[in-house]
Amino acid sequence: MSTLSLRLPDSLHEQVKALARQDGISINQFISSAVAEKMSALMTEEYLSARAKAGNEGDFFNALSRVPATDPFEQDVL
């Protein structure tokens, strides 16, 4: 595990401390979780962009044409 020295504005530090206390976790755990969530969001965006670039519109419409035309479930109707 690595150690990281982090400078935060006092107001942000107080908010992080309060939220971590509410969750019953340490500030370190809170910040680690926040960093992991941000990384996940950015990596997902990169992954989806790469998948979109590799996609083929013709193949998409071909696959879509094989989906049977049925009425939606009752709970899905607006």
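- A side-chain donor-acceptor contact under 3.5 Å links S49 to the backbone of E45.
- Every residue meeting the side chain to side chain contact (heavy atoms under 4.5 Å, CB included) condition with D76, not counting sequence neighbours, appears here in chain and number order: P72, F73.
- No donor-acceptor pair closer than 3.5 Å links the side chain of S33 to the backbone N or O of F30.
- No chain of hydrophobic side-chain contacts below 4.5 Å, direct or via other Ile, Leu, Val, Met, Phe, Trp or Tyr residues, connects V35 to L42.
- The hydrophobic clustering, which links ILVMFWY residues whose side-chain heavy atoms are closer than 4.5 Å, places I31 and M39 together.
- Here the straight-line distance linking atom CG of N28 with atom CG of L4 works out to 9.5 Å at 0.5 Å rounding.
- We find the CD-CG distance between Q15 and D10 to be 11.5 Å, quoted to the nearest 0.5 Å.
- Atom NZ of K17 is separated from atom CG of L8 by 11.0 Å, given to the nearest 0.5 angstrom.
- More than 12 heavy atoms of other residues, nucleotides or ligands lie within 6.0 Å of CD in Q75, so this atom counts as buried by the packing criterion.
- Here the closest non-hydrogen pair linking S26 and A20 is O-CB, 3.9 Å.
- To the nearest 0.5 Å, atom OG1 of residue T44 and atom CZ of residue R51 are 13.0 Å apart.
- Scanning all heavy atoms of the two residues, the minimum distance from H13 to I27 falls at NE2-CD1, 3.9 Å.
- Hydrophobic clustering (ILVMFWY, side-chain heavy atoms < 4.5 Å, transitive): F60 and Y47 are in distinct clusters.
- Two residues are said to be in side-chain contact when any heavy atoms from C-beta on lie closer than 4.5 Å; P9 and L12 meet this criterion.
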Criterion side chain to side chain contact (heavy atoms under 4.5 Å, CB included) on N62 and S65, from CA distance to verdict: CA-CA 5 Å; N62 183 33; S65 71; 3.9 Å; yes

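- For the pair Q29 and D23, the minimum side-chain heavy-atom distance is 4.5 Å or more.
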